[in-house]
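Inspection log for the structure reproduced underneath, given as structure tokens.
Computed over heavy atoms, backbone and side chain alike; hydrogens, waters and symmetry mates excluded. Reminder, nothing fancy here: chain letters follow the sequence lines and each chain counts from 1.
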Protein chains: 2
Amino acid sequence: MDLLFLGTCAGVPTKARNVSATAVIEASGSGWYLVDCGEGTQHQLLRTPLSIRDLRAIFITHVHGDHCFGLPGLLASAGMSGRTQPLELILPAALHDWVRQGLAASDTFLPFELRLLAVEDLVEWRNDTLQVTTVQLSHRVPSVGFIFTELNPEPRLDIPRLEAEGIPRGPLWGELARGLTVQHGEQLLNGNDYLRPSRPPRRVIVCGDNDTPELLADAAQGADVLVHEATFTQAVVERTGVTFGHSTAAAVARFAEAAGVRNLVLTHFSARYQSDPRRSPNIDNVRDEALVHYSGHLTLAQDLQRYHLGRDGCLELTG
Amino acid sequence: MDLLFLGTCAGVPTKARNVSATAVIEASGSGWYLVDCGEGTQHQLLRTPLSIRDLRAIFITHVHGDHCFGLPGLLASAGMSGRTQPLELILPAALHDWVRQGLAASDTFLPFELRLLAVEDLVEWRNDTLQVTTVQLSHRVPSVGFIFTELNPEPRLDIPRLEAEGIPRGPLWGELARGLTVQHGEQLLNGNDYLRPSRPPRRVIVCGDNDTPELLADAAQGADVLVHEATFTQAVVERTGVTFGHSTAAAVARFAEAAGVRNLVLTHFSARYQSDPRRSPNIDNVRDEALVHYSGHLTLAQDLQRYHLGRDGCLELTG
């Protein structure tokens with residue numbers, strides 16, 4: 001699984017960072033998933049190899065505009081790209097009418113079926129590759145994190161079972177290995193019943209805005225990657241006295257350390273943290289604050305950077 | 001008056017061109033007006049000296065998403081910038097509920113009054129500096145052009161009138177020259193009554209999508225600049241057989257020549273016209289087609305380029 005950050009700024013875009021959007025990319029093939037869709041997400045996609053035709057589903061963490069105002073344009077452009085595959089859009093129910101009305105009022109025709117699902121009602125979303133569930137967070141409005149768990153990663157034939165059931169080695173095994181349903185004597189065999197994952201499934205959590213990282217205590221158990229906002233540093237919150245329902249780098253780092261999170265990715269930085277380390281405050285202040293409390297593998301997300309979760313469980317920058 | 005193009009592509013953004021938005025900038029001071037607001041307009045503004053606090057009004061030509069999907073984000077960011085001045089937004093009535101619902105559903109608070117006006121009902125919009133009227137165009141949906149006419153440009157004291165009325169030269173003239181109301185004997189004199197423009201007002205027309213340039217025949221009389229879409233070239237329309245309610249460069253150029261338009265600016269180019277002249281079709285094909293029919297001052301708009309309408313009536317690139 002890869003992560004490609006399309007927007008890593010809080011609230012408003014800057015020249016260096018767009019508002020929130022994160023692509024979760026399948027371990028093999030070209031399928032991908034979008035978490036949040038701030039304005040300009042479709043523009044960022046132009047600067048990546050991701051195709052809107054390979055987008056499997058969109059997940060929106062909460063109603064704030066910097067997480068969803070890119071939806072109308074992204075959907076319209078998906079339509080103009082000739083996409084015909086249905087698209088599932090999981091988002092707060094309060095946004096459903098706005099999405100529908102935007103398409104209708106703008107006379108936008110989508111040549112694919114758009115299925116709107118309420119995130120509040122989501123127990124589990126899945127396809128052949130991934131399961132997605134939610135974890136409730138705490139913000140000024142209801143907000144969730146999305147937990148992506150691989151299903152049956154890199155499947156291999158369950159040879160002990162095949163042998164126990166007396167299914168003879170040969171072309172039949174090849175068909176079952178491809179997941180096909182095949183006739184064997186009077187039996188119909190479903191290939192998926194004879195496939196087993198060859199490695200543990202990876203689990204990645206991509207969170208919406210949240211002022212209480214401890215709400216992730218259960219979800220973070222066994223997760224490979226936690227992507228969490230760090231809108232402010234402690235120093236800034238002490239000076240301004242307000243958090244607007246957001247977390248500090250220190251609070252997230254302390255939680256991640258206590259929960260044993262292996263890879264922590266911070267994102268959604270206030271626009272005040274500048275890229276230039278000679279200016280103050282800057283993004284190094286965020287990193288430095290997190291490193292005081294967290295000894296695992298820390299990443300500060302940057303727009304258009306892609307990270308690969310390797311076989312060794314380490315999250316590495318790939319491009 | 002200046003024009004600064006924020007988006008010059010039709011339908012979908014490309015790496016080089018954003019979707020539609022054009023800034024019309026007052027001849028003096030920092031006030032400006034936005035015509036259309038495709039997604040990413042606020043991002044483009046970050047790359048200009050224009051401040052969202054100096055934005056006097058927004059005008060939307062028609063309902064299509066590439067002309068309005070940037071509104072929710074622009075308004076939200078205007079709010080976060082601390083703007084308190086009321087903002088008038090003139091747009092098709094069909095979009096009013098969508099704008100309101102987007103702000104409400106996303107829990108966006110605007111610290112300024114947003115006044116929505118229906119473009120269909122607009123007879124005239126004006127402030128101290130400009131008058132804006134509309135001209136009806138022809139497209140797949142109702143579409144207009146906005147005609148910006150300066151009011152009382154570079155006012156100077158009407159000395160013959162002052163002398164005729166026996167108002168004595170002195171500090172009183174200075175106050176009237178600043179437009180103030182002053183007491184003179186038993187009379188109250190309004191400075192604006194004694195100011196006259198020192199040059200003819202400039203008139204700039206910025207059009208929405210339109211397949212019938214001839215609809216501008218009356219409006220174009222005496223206009224200094226006509227900004228019009230040229231989505232396609234004739235060669236492409238002949239091959240595809242469809243215009244989707246758009247104009248070709250040839251049709252707009254022929255009209256502008258016949259109407260005696262002094263400065264013609266083409267914009268809203270199909271994404272197929274590439275910047276690289278070695279590829280086909282490219283933007284030079286659009287220019288070449290227009291030049292066959294038009295002998296005036298032709299400009300092909302580019303994103304983030306600013307053009308100044310000089311005293312000599314010529315539109316010049318300034319940055």
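Scanning both residues, Met80(A) and Val12(B), for their nearest heavy atoms gives CE-CG1, 3.8 Å.
A donor-acceptor pair is defined here as one N or O able to donate and one able to accept, closer than 3.5 Å; such a pair exists between the side chain of His43(A) and the backbone of Glu39(B).
With values rounded to the nearest 0.5 angstrom, Arg140(B) atom CZ is found 7.0 Å from Asp107(A) atom CG. Atom CH2 of Trp98(B) is separated from atom CG of Asp97(A) by 14.5 Å, given to the nearest 0.5 angstrom. One finds the CD atom of Gln101(B) at 4.5 Å from the CD atom of Gln101(A) (value rounded to the nearest 0.5 Å).
Only the backbone of Thr14(B) comes within contact range of chain A, with at least one heavy atom under 4.5 Å from a heavy atom of that chain. Residue contact with chain A, scored on non-hydrogen atoms closer than 4.5 Å, is absent for Leu75(B). Proximity to chain B is absent for every atom of Ile60(A), based on heavy atoms less than 4.5 angstrom apart. Only the side chain of Thr108(A) comes within contact range of chain B, judged by heavy atoms closer than 4.5 Å. Asp66(B) does not touch chain A: none of its heavy atoms, backbone or side chain, sits under 4.5 Å away.
For the set Gly102(B), Ala104(B), Ala76(B), Ser81(B), the entry with the most heavy-atom pairs within less than 4.5 Å of chain A is Gly102(B). Highest contact tally toward chain B, considering only Ser77(A), Gly73(A), Cys68(A), Pro13(A), is held by Pro13(A) [criterion: heavy-atom pairs under 4.5 Å]. Per-residue heavy-atom pair counts under 4.5 Å with chain A were compared for Gly38(B), Gly11(B), Pro72(B), and the maximum is reached by Pro72(B). Between chain A and the residues Val63(B), Asn18(B), Val19(B), the most heavy-atom pairs under 4.5 angstrom are made by Val63(B).
The number of heavy-atom neighbours closer than 6.0 Å to CZ of Phe112(B), taken from other residues, nucleotides and ligands shown, is above 12.
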